[in-house]
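Side-chain atoms are counted along with the backbone in the values below, which use heavy atoms only and exclude waters and symmetry mates. Predicted model, so just to flag it, every value in this text is computed and none were measured. Note on naming: letters A, B, ... go to the chains in the order of the sequence lines (proteins, then strands), and numbering restarts at 1 for each one.
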Amino acid sequence: MRLTREFFERNTVLVARDLLNKVLVYKDGDTVIRGKIVETEAYIGAKDQGAHFHKGLTERTRIIDEVGGHIYIYTIYGMYLLFNIVAEEKGTHGAVLLRAVEPLEGVEKMYLNRYKKPYDNPQKREIIGLTNGPAKFVMAYGITKELYGADVVTDPRIWVEDGPKLSNEDIVRSKRINIDYAEMGKDYLLRFYIKANPFVSKK
DNA sequence: CTGATGATGTTCT
DNA sequence: GAACATCATCAGA
């Protein structure tokens, strides 16, 4: 079941937490890639210097103003793309960064996208490395900036499917990664991941 | 296994 | 001109 608008237009932190164990599906022509979301981070506009849009929107972040469900993709360090899903109602600014997924379907395609060589007797280390980071799973999926502004509630190429409900004991909440520059906000516990999942980027 | 370092170019000031 | 929500690679233990 594809998640509907009601899921994404809620509070950003709730959306981030509830996206765990959901499935991100990307259909590129005949190829279907499916992966379970195992790690997320919430970014909220108010009182969060860690968010790109803390000081208001720019050309890069304009999509954040839209209703939850739209996709915010941006380039980081000149070479990598990071994938966010906008949350909250239109006019309220919040977004959820997807940091890691666990491959479910299309693993061979992911492997080719990441390592540029055929899927043949892969090392366990290589499989983990496919998707255990925010830029890594974007590369594995083959996602490009063409998806900027797409809507996961209605877009035919990409959507999020419901998954088994996760018990609270399996959810770990911690500080976000690599935002020490944010004087105010860096210590907020806005990162969520599934306990004991090998694809989580960092413990 | 750990920690350090360089790559690389868009975005914002 | 500086900063940057990262990754791959290398040295050392």
Backbone N/O of A:P164 and side chain of A:N21: donor-acceptor pair under 3.5 Å: yes

Derivation of the ring-ring contact (aromatic ring centres under 6.0 Å, His included) call for A:Y74 and A:H52: CA-CA 10 Å; A:Y74 70 95; A:H52 287 157; 4.6 Å; yes

A:N178 side chain near C:dT6 phosphate (N/O to OP1/OP2, under 4.0 Å): yes

Between A:Y148 and A:E146: side-chain donor-acceptor atoms closer than 3.5 Å: no

Verify stack between A:Y181 ring and C:dA3 base, 5.5 Å, 30 degrees: no

Value in whole Å for how far the C1' atom of C:dC7 lies from CZ of A:R114: 8 Å

Rounded distance in Å - CD1 (A:I177) to C1' (C:dC7): 14 Å

Transitive ILVMFWY side-chain link A:I37 to A:W159, under 4.5 Å: no

Nucleotide interval of DNA chain B bounded by contacts with chain A (heavy-atom cut-off, under 4.0 Å): B:dA7 to B:dC12

Atom-pair distance (NZ on A:K117; P on C:dA8), nearest Å: 12 Å

Intra- and interstrand pairs of DNA chain B - dot-bracket, Watson-Crick/G-U under 3.5 Å, | marks other strand: |||||||.||||.

Atom of A:F53, atom of A:I44 and distance for their closest heavy-atom approach: CE1-C, 3.8 Å

Sugar-phosphate only, base, or nothing, as touched by A:R99 at under 4.0 Å among non-hydrogen atoms: sugar-phosphate

A:I73 CD1 to C:dT6 P, straight-line distance once rounded to whole Å: 16 Å

Sugar-phosphate, base or nothing in reach of A:I179, heavy atoms under 4.0 Å: sugar-phosphate

Phosphate OP1/OP2 of C:dA8 contacted by A:K136 side-chain N/O (<4.0 Å): yes

Protein-nucleotide distance (A:R176, atom CZ; C:dC4, atom P), rounded to Å: 14 Å

Salt-bridge criterion met for A:K202 and A:E39 (N-O under 4.0 Å): no

Nucleotide C:dA5, atom C1' - distance to CG of A:D180 in whole Å: 11 Å

Residue whose nearest DNA chain B nucleotide is more 5′ - A:T75 or A:Y80: A:Y80

Where A:F83 and A:L97 come nearest, the two heavy atoms and their spacing: O-CD1, 3.6 Å

Residue pair A:R191 / A:S201: nearest heavy atoms and the distance that separates them: NH2-OG, 4.1 Å

A:K109, NZ atom: more than 12 neighbouring heavy atoms under 6.0 Å: no

A:E126 CD - C:dA8 C1' separation (whole Å): 13 Å

Phosphate-side-chain proximity, A:R191 and C:dA5, N/O vs OP1/OP2 below 4.0 Å: no

Rounded distance in Å - CG (A:L130) to P (C:dC7): 13 Å

A:E89 atom CD: more than 12 heavy-atom contacts under 6.0 Å: no

